[in-house]
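Within every chain, numbering begins at 1; the chains are lettered A, B, ... in the order of the sequence lines, protein sequences first and strands thereafter. FYI, side chains are in, hydrogens and waters are out, and symmetry mates aren't considered; it's all heavy atoms of this structure.
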Number of protein chains: 2
Amino acid sequence: MPESHPAPHRFPVTVDVVALTVRDGELNVLLITRLIEPFKGKPALPGGFVLAGEDLQEAAVRELAEETGVERLPGYLEQLGSYGPKGRDPRGDVLTVAHLLLAPDFPVLAAGSDAEHAAWYPVTEVPELAFDHARILDDALERAKSKLEYSPLGAAFCGEEFTIAQLRAVYEAVWGTRLDPRNFHRKATGTPGFLEDTGRMTTGDAGRPAALFRLAPESRPTAGHPARAVLNPPLMRPRNGAAG
Amino acid sequence: MPESHPAPHRFPVTVDVVALTVRDGELNVLLITRLIEPFKGKPALPGGFVLAGEDLQEAAVRELAEETGVERLPGYLEQLGSYGPKGRDPRGDVLTVAHLLLAPDFPVLAAGSDAEHAAWYPVTEVPELAFDHARILDDALERAKSKLEYSPLGAAFCGEEFTIAQLRAVYEAVWGTRLDPRNFHRKATGTPGFLEDTGRMTTGDAGRPAALFRLAPESRPTAGHPARAVLNPPLMRPRNGAAG
DNA sequence: CCAAAAGTGTTTTTAATACACCCATGG
DNA sequence: CCATGGGTGTATTAAAAACACTTTTGG
């Protein structure tokens with residue numbers, strides 16, 4: 001930190017959120033349609049300016065709540081990285097701090113209230129985005145993929161309680177691969193500190209009922225400690241080619 | 001990004017750099033001593049305000065150059081994360097974007113020019129730091145450790161050419177463990193896309209001369225693509241306890 | 001009774017670890 | 001010729017991948 005005797009330059013700062021969920025076996029991202037210039041009418045990541053006195057994460061939660069109509073945000077939120085400030089907003093230099101939300105499928109306000117209209121898009125069918133949001137989304141997807149390997153955060157896509165098959169569907173959707181149900185079952189239930197059996201079972205579905213699990217206490221992210229437990233050995237994602 | 005009709009609040013933004021190197025088998029961090037308030041006389045991470053028209057990485061490189069007297073920065077620089085803006089600077093809300101530099105041991109300007117006095121400190125002997133820099137340093141160390149597992153960036157601590165033993169010393173210093181020289185040698189040389197034999201050998205040291213390697217082209221970080229290649233399978237760091 | 005999905009056991013293959021041993025130099 | 005570190009080969013152990021099979025529900 002500096003001595004710079006002249007007053008330092010001050011930047012407008014925004015937060016943007018890449019909210020991901022799994023619906024129908026596909027990874028989806030939450031996008032809004034911009035109601036004003038610049039990029040009016042274009043889809044973009046939800047977000048907005050950080051207010052005086054606000055912290056970054058606070059601002060991210062507030063903006064997401066405003067733009068989806070959801071007050072109590074589900075899932076797991078972490079910082080992704082900062083972009084700019086140079087040349088990413090036609091209005092001038094704006095620094096943005098991107099965030100990543102991994103959440104169970106939650107309903108967004110169908111028609112826009114005062115805010116912009118938000119909706120889920122499969123990540124394979126994302127239209128052209130405003131600002132540098134395409135790049136931010138790319139970075140977020142890569143981050144999400146590696147998060148699943150080394151942390152218990154795959155469960156952030158599920159509700160409180162879930163079956164191993166539901167959890168596996170998350171991994172398959174995020175990684176875009178198929179996983180052997182039997183090996184995945186063993187790996188997930190056999191990793192110490194990952195899952196906890198609720199004792200309860202599903203009912204009503206086709207086939208044999210499945211046991212319901214929840215995240216083990218030591219794997220639940222708590223305020224201050226983003227994602228505490230580490231999956232070791234990792235739940236390896238199948239790699240296609242060689243390194244490089 | 002927002003519609004907010006009132007003008008958005010503007011924040012001073014700083015960059016801070018956690019510059020790490022390995023000297024005498026120990027991981028070291030570069031610290032400056034503050035010449036002005038706040039925290040005058042206290043050690044801190046090098047950094048300073050982002051100027052109008054500057055990008056984050058540009059600002060980080062400039063500040064580091066100013067405070068160390070080194071114009072052409074060696075090593076690998078990446079963004080670590082953003083902190084604040086609330087309550088981390090007594091002068092008011094300042095957002096800081098922390099960066100991580102992994103570099104070969106380079107000499108810093110001994111006595112302060114106009115700038116603050118910079119010096120290397122073993123990470124095991126870091127004094128109390130200004131601002132929230134202790135937390136930033138902790139995050140940087142954790143990031144550096146995991147970087148070494150999954151990316152070829154261990155070599156960023158070495159010069160252009162290095163021996164396997166030098167590379168191993170880096171891993172041992174960063175991870176704080178001992179590694180079997182023979183298994184490490186096989187793993188490092190056997191990982192496709194990691195190292196490239198220069199054909200040249202060391203000479204003058206005790207013992208048998210060692211082959212000199214450099215990073216393979218596909219593993220060298222390029223502008224825009226921070227760290228391209230992935231080490232797969234990873235160069236595993238020995239874990240002590242179980243997960244959790 | 002059949003289909004569908006859950007869950008367990010077993011074999012095969014691969015990679016990590018441990019460690020014996022030889023190689024090439026400086027003193 | 002011996003100490004020092006570089007480099008290779010090999011046995012042992014652990015884990016990942018592949019897949020046969022049993023269990024428990026709904027129709």
**Q** Round to a whole Å and report the spacing from CG of A:Leu179 to P of C:dA6.
**A** 14 Å

**Q** Keeping B:Arg200 on the side-chain end and B:Ala211 on the backbone end, is there a donor-acceptor pair under 3.5 Å?
**A** no

**Q** Using whole Å, what does the distance between atom C1' of nucleotide C:dA6 and atom CZ of A:Phe213 come to?
**A** 11 Å

**Q** Roughly how many Å is it from NZ in A:Lys187 to C1' in D:dA18, rounded to a whole number?
**A** 15 Å

**Q** Main chain of A:Asn183, side chain of A:Asp180: is a donor-acceptor contact present, judged purely on distance under 3.5 Å?
**A** yes

**Q** Using a distance-only criterion (donor-acceptor N/O pair, under 3.5 Å, no hydrogens), is the base of C:dA18 paired with the side chain of B:Asn183?
**A** yes

**Q** When you check the gap from the basic side-chain N to the acidic O, do B:Arg62 and B:Glu66 get nearer than 4.0 Å?
**A** yes

**Q** If you take atom types as modelled and just measure distance, does the side chain of A:Arg186 reach the base of D:dA15 with a donor-acceptor pair under 3.5 Å?
**A** no

**Q** What is the distance, rounded to the nearest whole Å, between atom CZ of A:Arg208 and atom P of D:dT25?
**A** 8 Å

**Q** Once the angle between the rings of A:Tyr171 and A:Trp175 is folded into 0 to 90°, is it parallel (under 30°), tilted (30 to 60°) or perpendicular (over 60°)?
**A** perpendicular

**Q** Provide, to the nearest angstrom, the distance between the CZ atom belonging to A:Arg182 and the C1' atom belonging to C:dT11.
**A** 13 Å

**Q** Base, sugar-phosphate alone, or nothing: which one does B:Asp180 contact when heavy atoms must sit under 4.0 Å apart?
**A** base

**Q** I need the CG-C1' distance between B:Leu195 and D:dG6, as an integer number of Å.
**A** 15 Å

**Q** Report the distance from atom CZ of B:Phe162 to atom C1' of D:dG6, rounded to the nearest whole Å.
**A** 16 Å

**Q** Would one find a side-chain N or O of A:His185 under 4.0 angstrom from OP1 or OP2 of C:dA6?
**A** no

**Q** Give the rounded distance in Å between these two atoms: CG of A:Leu212 and C1' of C:dA6.
**A** 12 Å

**Q** Please state whether the base of C:dA6 and the side chain of A:Arg168 form at least one donor-acceptor pair under 3.5 Å?
**A** no

**Q** Tell me, yes or no, whether the heavy-atom count around B:Glu125 atom CD, taken from other residues, nucleotides or ligands under 6.0 Å, exceeds 12.
**A** yes

**Q** In terms of side-chain heavy atoms of B:Ile164, which of D:dT24, D:dA16, D:dG7 is nearest?
**A** D:dG7

